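Below you'll find the structure, written out as structure tokens, and then a few comments.
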Amino acid sequence: MASDTLTSPVIAGTATRPNIYHNFIDGQWVESTTGQTFENRNPADTRDLIGIFQRSGKSDVDAAVAAARRAFLKWRLIPAPRRAEIIFRAADMLAERKEDYARDMTREMGKILKETRGDVQEAVDTAFYMAGEGRRLFGPTTPSELPNKFAMAVRQPLGVCAMITPWNFPMAIPSWKLLPALVCGNTCVIKPAQDTPLSTFNLVRVLVDAGIPRGVVNIVTGFGAEAGAPLLEHPEVRAVSFTGSTSVGRTIGTTAAKSFKHCSLELGGKNPMIVLDDANLDLAVEGALWGAFGTTGQRCTATSRIIVEKGVYRAFLDRLVERARKLRVGNGLDETSDVGPAINERQLESDLEYVRAGQNEGARLECGGCRLEKGDYHWGWFMEPTIFSDVDRKMRIAREEIFGPVVAVIRSENFDEAVTIANDIEYGLSSSIYTRDVNRAFVAMRDLYAGITYINAPTIGAEVHLPFGGVKATGNGHREGGIGAIDFYTEWKSVYVDYSDRLQRAQIDRPE
Ligand code: NAD
């Protein structure tokens, strides 16, 4: 176990000095060789310095990959059910530490406690699910076309896997990547988002405490160009799993292709919710509020376009605006807050820029649109939940991912037009429809071109045992969650055993 050789994960701070967090490489908690660090601050109150993290570079990445490479030689040979026992223990420990880790996450990421508890719970669920996979990892056994010959396919691990993750689900997304990779027998180097390193650090810490052997999991914190790029380019890395923006994903995919690395990309979204005339309007309004403003709209699956059939357009909009005005924006640590801050100043500026773009292009601002700066808001990146109506599908606010609490309401003539508008977009992650008409629900399930479709629920709320991912510019065809993750982190090997004691030539020696 690595814990025999552990150095300190964190140098505890004092009233005047913040905590200093270390990288985890080859079973040791270590400083970056660059000698540089960066600050992690609370987006709800930037006076709150959460900690100092290592600003890693290529030599840290090289050390982490070398450790993972060495560890792979042993880890791949440990029976999968034994590997899974460590994941199972980690699940129990995560559940015990849920409240502490949720509070850490709200402090560094901003989303409200209810949601950060959910984020940690998602890692718990993934850990239990993937621990179960340790006794499955099924492959086919199948009849051979020749007599006295046995045929099967087995899953083999890939080797060193690199994970590069975003800030909006800073424990759940790393868990979707690390846990299936580990149970399949791979070793890992993870580079979390620079805005939220602590939650990923907490996940790695749990794995270490659960007994993960030295070098099997490594965390290198830092920035994309300095730590992410050398990880992605490293010749010993066999697979890269990336979740983040479509623009960075394009670079990741292109770079990985040059050295034939397996590459899974989970990218942006611009997710539609359709509300038909026959919908339960109260339910649709409730769902729209949660889908659009949950996580301050900073979800890849956020409901960012609501396409409403003309018969209920006004009634739906009036109710939605009335409810949105009552949402309480505030620090996520306050249990009465509904909506937290933007992750950082750049994201807030971008959200406000989209508000200006919507106004300039002629959409009608129904509510919100402003930064909140007075009183308690002064030290954070807060804005009002914002709704635009009379949005034309060609406007920027109807086409581009905003990743903030801004939703575009679009009127449609009928069901067919609503589906056409929903699909008329470069992304295809999540989608939803509110209707009581079972026939239309099934047509929507077939015709909405997206990786996920919800009936009578908003575009958010994925469960860990089903495939998660999208079509078009949202990804490159892989899926996280469920069996899709196992498929990504293994390679098939077909095995034939000929017990006939003679040469039998496939396709040539055909038994009569
Ligand atoms: P981002 O693309 O800016 O960063 C993601 C990660 O990539 C970070 O760790 C960053 O440091 C790293 N990175 C940046 N440039 C890099 C480079 N050149 N080489 C290697 N690594 C690099 O995204 P973000 O702002 O952290 O997250 C928001 C985006 O993530 C949104 O577009 C959102 O839709 C998307 N997202 C998608 C999903 C999904 O499953 N489809 C889930 C969550 C978030």
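The structure displayed is predicted, hence computed values, not measured ones. In each ligand, atom 1 is the first atom listed, and ligand 1 is the first ligand listed.
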Is there any protein N/O under 3.5 Å from an N/O of ligand 1, and what does the full list of such pairs look like?
residue  : atom   : partner : partner atom : Å
ligand 1 : 2 (O)  : S245    : N            : 2.8
ligand 1 : 2 (O)  : S245    : OG           : 2.6
ligand 1 : 9 (O)  : T165    : O            : 2.8
ligand 1 : 9 (O)  : K191    : NZ           : 3.0
ligand 1 : 11 (O) : K191    : NZ           : 2.7
ligand 1 : 11 (O) : Q194    : OE1          : 2.8
ligand 1 : 11 (O) : G224    : N            : 3.3
ligand 1 : 23 (O) : S245    : N            : 3.4
ligand 1 : 25 (O) : W167    : NE1          : 2.9
ligand 1 : 26 (O) : W167    : NE1          : 3.2
ligand 1 : 30 (O) : G244    : O            : 3.3
ligand 1 : 32 (O) : E401    : OE1          : 2.7
ligand 1 : 34 (O) : E401    : OE1          : 3.4
ligand 1 : 34 (O) : E401    : OE2          : 2.5
ligand 1 : 41 (N) : L267    : N            : 3.3
ligand 1 : 41 (N) : L267    : O            : 2.6

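- With F223 as the aromatic partner, R55 meets the cation-pi criteria of under 6.0 angstrom to the ring centre and within 45 degrees of the ring axis.
- For the pair R41 and W381, the cation does not sit on the ring face, since its NZ or CZ is not both under 6.0 Å from the ring centre and inside 45° of the axis.
- For the side-chain hydrogen bond (donor to acceptor under 3.5 Å, both in side chains) test, residues two or more places apart in sequence or in another chain that qualify with T303 are T459.
- The aromatic rings of F468 and W176 sit tilted, their planes meeting at an angle between 30° and 60°.
- Between Y21 and F201, the angle of the ring planes goes over 60°, which puts this pair in the perpendicular group of the 30/60° scheme.
- Relative to the six-membered ring of F242, K191 misses at least one condition, a distance below 6.0 Å or an angle of at most 45° to the axis.
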